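See below for the structure under consideration.
As the structure is a prediction and not an experimental result, all values here were calculated from the model.
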Amino acid sequence: MKENEQHEIEEQDETLYEHHKFEAGPGQSPLRVDKFLMNFIENATRNKIQKAAKTGNIYVNEEKVKQNYKVKAGDVVQVMFEHPPYEFLLTPENIPLDIVYEDDTLLVVNKPAGMVVHPGHGNYSGTLINALIYHFENLPNNSSDRPGLVHRIDKDTSGLLVIAKTEEAMAHLSKQFFDKTSDREYVALVWGNVEEDEGRVEGNIGRHPKNRLQNTVYDGDEAEKGKPAVTHYKVLERFGYVTLVSCKLETGRTHQIRVHMKHIGHTLFNDERYGGERILKGTTFSKYKQFVDNCFKILPRQALHAKTLGFTHPKTGEAMSFNTEIPEDIQACIEKWRNYAKNQKEVL
């Protein structure tokens with residue numbers, strides 16, 4: 001290859017932006033890089049990944065590879081493009097916000113289910129951040145360059161979030177969440193009859209070794225693979241095959257409640273990512289199956305709502321607490337289960 005041609009390629013490589021980077025774990029058996037990336041990148045299709053490989057955008061240990069390259073333990077896989085990640089190209093969008101509280105320092109919003117909190121792969125518009133930067137100017141960035149965000153909740157989880165409007169508020173509120181002095185209570189409908197009226201789930205949470213879109217609990221000799229996480233739960237109402245619980249977070253790991261409740265045998269109702277969209281408890285009768293399918297239709301997402309949020313106001317020092325009603329879709333599902341449980345008792 002001529003020297004000037006090599007120089008041009010090097011110059012092109014210098015303009016590439018890293019969109020994804022993953023390191024294969026010590027237990028990784030040889031796996032095609034396209035299949036490997038399918039396990040890591042949410043909303044990616046194999047066709048898109050193969051196209052990226054064909055156009056020379058996939059690197060392993062800083063070398064371009066084809067889609068049939070076999071990833072092995074210790075390999076560092078990168079997906080590189082000539083444009084910055086879309087999640088950093090923020091576009092203001094006139095999306096209505098349900099503002100529960102606002103002053104010159106912060107605001108509290110009630111996020112609807114289905115809204116992504118910040119742009120990411122496959123979700124570059126319609127997010128909470130797109131709405132925030134339309135309605136508010138000069139929001140401070142957090143450590144991940146997300147304007148205003150102090151914490152986040154999952155796309156299909158509804159409920160309360162506090163947004164910082166000043167640098168001081170961002171620092172103060174972030175420290176409260178880090179120091180575990182904020183108060184966060186969620187309401188969840190879970191599969192099975194939770195035997196104890198209340199309890200504590202403690203287990204380090206990290207990426208699932210096989211399904212990288214999930215997290216899992218690591219304990220014993222593998223505890224170091226995850227980060228410490230503690231969830232406190234309390235039974236609110238029992239419906240036989242499902243239970244309504246309140247969950248309070250001591251820590252704030254990704255998917256924490258979803259992972260911890262599954263870990264103790266009570267996967268969230270209709271949580272597709274963790275297997276809750278299947279009938280996990282109940283009878284084999286076709287009428288029961290039809291009843292559950294109707295519940296899934298009423299509530300086409302995981303049954304989780306961030307109901308209560310408490311923190312100390314960063315400017316006034318006042319203790320603040322906010323509470324929201326359980327959304328209609330979860331409430332309708334609860335009512336169906338309540339009636340079902342009542343009818344079962346009457347039959348018995």
What pairs of residues pass the salt bridge (Lys or Arg N to Asp or Glu O under 4.0 Å) test when at least one of them lies in [range], not counting sequence neighbours?
range            : result
residues 223-235 : Glu222-Lys225
residues 305-319 : Asp104-Lys315
residues 164-173 : Glu102-Lys165

Who passes side-chain hydrogen bond (donor to acceptor under 3.5 Å, both in side chains) against Gln50, sequence neighbours left out?
-> Asp34
Could I get the full list of side-chain hydrogen bond (donor to acceptor under 3.5 Å, both in side chains) partners for Asp329, not counting sequence neighbours?
-> Arg301
May I ask whether Phe239 and Leu299 are part of the same hydrophobic cluster, defined by side-chain heavy atoms of I, L, V, M, F, W, Y residues being less than 4.5 angstrom apart, directly or through others?
-> yes
Could you state whether Ile153 and Ile129 fall into the same hydrophobic cluster, counting links through intermediate Ile, Leu, Val, Met, Phe, Trp or Tyr residues with side-chain heavy atoms under 4.5 angstrom apart?
-> yes
With sequence neighbours left out, what residues match His172 under ring pair (Phe, Tyr, Trp, His ring centres under 6.0 Å)?
-> none
Assess the side chains of [X] and [Y]: does a donor N or O sit below 3.5 Å from an acceptor N or O?
X      : Y      : result
Asn323 : Thr308 : yes
His313 : Asp103 : yes
His232 : Glu250 : yes
Thr243 : Glu237 : no

Quick one: which residue pairs count as a ring pair (Phe, Tyr, Trp, His ring centres under 6.0 Å) with a foot in residues 273-309, not counting sequence neighbours?
-> Tyr241-Tyr288, His255-Tyr274, Phe269-Phe296, Tyr288-Tyr340, Phe291-Trp337, Phe291-Tyr340
Can you list the other members of the hydrophobic cluster that holds Phe178, where links are side-chain heavy atoms under 4.5 angstrom apart?
-> none
So which residues get pulled into Leu106's cluster when ILVMFWY side chains under 4.5 Å apart are joined, directly or through others?
-> Val100, Tyr101, Val108, Val150, Leu160, Val162, Met170, Leu173, Phe177, Leu309, Phe311, Met320, Phe322
Is there a donor-acceptor pair closer than 3.5 Å between any side-chain N or O of [X] and the backbone N or O of [Y]?
X      : Y      : result
Tyr186 : Thr157 : no
Asn130 : Pro92  : no
Glu185 : Lys248 : no
Arg253 : Pro228 : yes
Asp179 : Gln176 : no
Lys111 : Lys155 : yes
Thr231 : His260 : no
Asp145 : Asn141 : no

Contact between [X] and [Y] at the side-chain level, heavy atoms closer than 4.5 Å - yes or no?
X      : Y      : answer
Leu161 : Val117 : yes
Ser174 : His151 : no
Arg152 : His118 : yes
Asp75  : Phe36  : no
Leu244 : Val187 : yes
Pro314 : Thr105 : yes
Leu37  : Val77  : yes
Ile257 : Leu249 : yes

Spacing of [atom1] belonging to [X] relative to [atom2] belonging to [Y], to within rounding of 0.5 Å:
X      : Y      : atom1 : atom2 : answer
Met261 : Asp271 : CE    : CG    : 12.0 Å
Met38  : Lys48  : CE    : NZ    : 11.0 Å
Cys295 : Asn270 : SG    : CG    : 9.5 Å
Gln214 : Asn39  : CD    : CG    : 10.5 Å
Arg273 : Asp156 : CZ    : CG    : 9.0 Å
Asn343 : Arg338 : CG    : CZ    : 13.0 Å

Should the heavy atoms of other residues, nucleotides or ligands under 6.0 Å from CG of Asn61 be counted, would the total exceed 12?
-> yes
Evaluate the side-chain contact (heavy atoms from CB on, under 4.5 Å) criterion for residues Leu280 and Thr267: first the C-alpha distance (whole Å), next the side-chain angles of each, then the deciding distance (0.1 Å), finally the verdict.
-> CA-CA 8 Å; Leu280 299 182; Thr267 303; 3.8 Å; yes
Minimum heavy-atom separation for [X] and [Y], please, with both atom names.
X      : Y      : value
Trp191 : Gly276 : NE1-O, 3.0 Å
Lys64  : Tyr59  : CE-OH, 3.1 Å
Asn142 : Arg146 : OD1-N, 2.8 Å
Ser158 : Ala113 : CB-N, 3.8 Å
Ile298 : Ala332 : CG2-CB, 3.6 Å

Report all side-chain donor-acceptor pairs from residues 192-205 shorter than 3.5 Å, counting only partners two or more places apart or in another chain.
{"unit_1": "Asn193", "atom_1": "OD1", "unit_2": "Arg238", "atom_2": "NH1", "d": "3.0"}
{"unit_1": "Asp197", "atom_1": "OD1", "unit_2": "Arg238", "atom_2": "NH2", "d": "2.7"}
{"unit_1": "Arg200", "atom_1": "NH1", "unit_2": "Glu202", "atom_2": "OE1", "d": "2.6"}
{"unit_1": "Asn204", "atom_1": "ND2", "unit_2": "Ala223", "atom_2": "O", "d": "2.9"}

Please lay out, stage by stage, how Thr254 and Val259 fare under the test side-chain contact (heavy atoms from CB on, under 4.5 Å).
-> CA-CA 9 Å; Thr254 301; Val259 173; over 6 Å; no
Verify side-chain contact (heavy atoms from CB on, under 4.5 Å) between His266 and Leu189, making sure each step is shown before the conclusion.
-> CA-CA 9 Å; His266 297 289; Leu189 188 68; over 6 Å; no
Show me, pair by pair, the donor-acceptor contacts under 3.5 angstrom made by side chains of residues 132-139, not counting sequence neighbours?
{"unit_1": "His135", "atom_1": "NE2", "unit_2": "Ile95", "atom_2": "O", "d": "2.8"}

Determine, step by step, whether Gln67 and Arg32 satisfy the side-chain contact (heavy atoms from CB on, under 4.5 Å) criterion, reporting the C-alpha distance in whole Å, the side-chain angles of both residues, the deciding distance to 0.1 Å, and the verdict.
-> CA-CA 7 Å; Gln67 71 257 30; Arg32 282 175 58 118; 3.4 Å; yes
By salt bridge (charged side-chain N to carboxylate O under 4.0 Å, His left out), which residues pair with Lys70, not counting sequence neighbours?
-> none
Is any side-chain N of the basic residue among Lys289 and Asp293 closer than 4.0 Å to the acidic one's carboxylate O?
-> yes
